[in-house]
Amino acid sequence: TGARSIQLRARGDLDIDEEMAQVEDLAFERPAGGEGSTREKVKMFGVWLDADVAGRQVSQREVEAASDPSSELSDDDKAEIFFAEGTRLMKRGEFASAAALYERAVQLVSAKTRRGGEYTLWLAQAMHAAGDE
């Protein structure tokens, strides 16, 4: 693929979410608009994942809330929180800590689901990076 560029409209004409989506289009080498365009996928660590699992829209809720046994959060919500924090740690190079959070996320969702499979891939990446093969 050749170098691509984006054309942002005049400031104020485009909201920040759309600007960020266009930047992600470049970063993730996605077609920007038109046929074949999809913002439901993001490329992280060489793997295409669902944007709601690894994209910037991932929940920023506190890990403490998910860890609280009296929390009214669903298992899926808790898993998403653990995954989001694990991803933040992974990007900072804290692979063992990320693996621990990914493991908690995997335990909360079925490995037979798409999301469970994606969480498991991230767990494997973190374990490998931490030298825990």
Side-chain angles (χ1 to χ4, degrees):
T1 63
R4 295 187 330 164
S5 64
I6 60 172
Q7 296 176 350
L8 296 177
R9 295 183 209 150
R11 191 168 200 89
D13 205 24
L14 196 62
D15 70 15
I16 189 68
D17 287 332
E18 179 59 23
E19 287 183 31
M20 288 301 297
Q22 288 186 9
V23 169
E24 284 180 343
D25 288 341
L26 285 174
F28 300 135
E29 299 176 0
R30 290 188 298 227
E35 189 176 335
S37 175
T38 178
R39 289 188 174 149
E40 287 105 27
K41 300 286 184 190
V42 294
K43 191 173 187 180
M44 301 283 295
F45 299 108
V47 178
W48 285 98
L49 300 171
D50 293 340
D52 68 339
V53 170
R56 74 185 153 76
Q57 297 90 10
V58 174
S59 172
Q60 296 299 311
R61 289 173 286 185
E62 297 290 326
V63 170
E64 292 81 26
S67 299
D68 181 358
S70 65
S71 172
E72 295 183 14
L73 294 170
S74 71
D75 283 351
D76 284 344
D77 287 341
K78 289 178 184 179
E80 185 176 316
I81 292 166
F82 292 137
F83 179 81
E85 182 64 11
T87 301
R88 188 183 71 76
L89 294 173
M90 186 84 161
K91 290 177 181 178
R92 290 178 44 189
E94 298 177 34
F95 306 121
S97 297
L101 288 170
Y102 289 149
E103 191 166 358
R104 291 178 78 178
V106 167
Q107 291 171 352
L108 292 168
V109 296
S110 170
K112 295 180 180 180
T113 65
R114 179 184 192 108
R115 180 162 297 207
E118 289 182 354
Y119 288 175
T120 302
L121 285 172
W122 279 74
L123 172 58
Q125 290 275 2
M127 290 174 69
H128 179 74
D132 186 16
E133 299 180 30

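Position 1 is the first residue of the sequence; numbering continues from there. Computation of the quantities below employed the complete heavy-atom set of this structure, encompassing side-chain atoms and omitting hydrogens, waters and symmetry-equivalent molecules. Bear in mind that the values here come from a model prediction, so they are computed numbers and not experimental data.
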Identify the two heavy atoms, one from [X] and one from [Y], that lie closest to each other, and give their separation to 0.1 Å.
X	Y	answer
Ser97	Leu89	CB-CD1, 3.7 Å
Glu80	Arg115	OE1-NH1, 3.6 Å
Val109	Gly116	CG2-CA, 3.6 Å
Gly86	Leu101	N-CD1, 3.7 Å

For Ala99, all residues meeting side chain to side chain contact (heavy atoms under 4.5 Å, CB included), sequence neighbours excluded |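 Checked Ala99 against side chain to side chain contact (heavy atoms under 4.5 Å, CB included); matches are Leu123, Ala126, Met127.
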Residues that Ala130 engages under side chain to side chain contact (heavy atoms under 4.5 Å, CB included), provided they are two or more places apart = Phe95, Ala96
Between Phe83 and Tyr102, ring centroids under 6.0 Å |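 When the ring centroids of Phe83 and Tyr102 are compared, they turn out to be within the sub-6.0 Å range.
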To the nearest 0.5 Å, what is the distance between [atom1] on [X] and [atom2] on [Y]?
X	Y	atom1	atom2	answer
Thr87	Tyr119	OG1	OH	8.5 Å
Ser110	Asp76	OG	CG	10.0 Å
Lys78	Glu72	NZ	CD	10.0 Å

Pairs touching residues 94-106 that satisfy salt bridge (Lys or Arg N to Asp or Glu O under 4.0 Å), sequence neighbours left out |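 Non-adjacent pairs meeting salt bridge (Lys or Arg N to Asp or Glu O under 4.0 Å): Arg92-Glu94.
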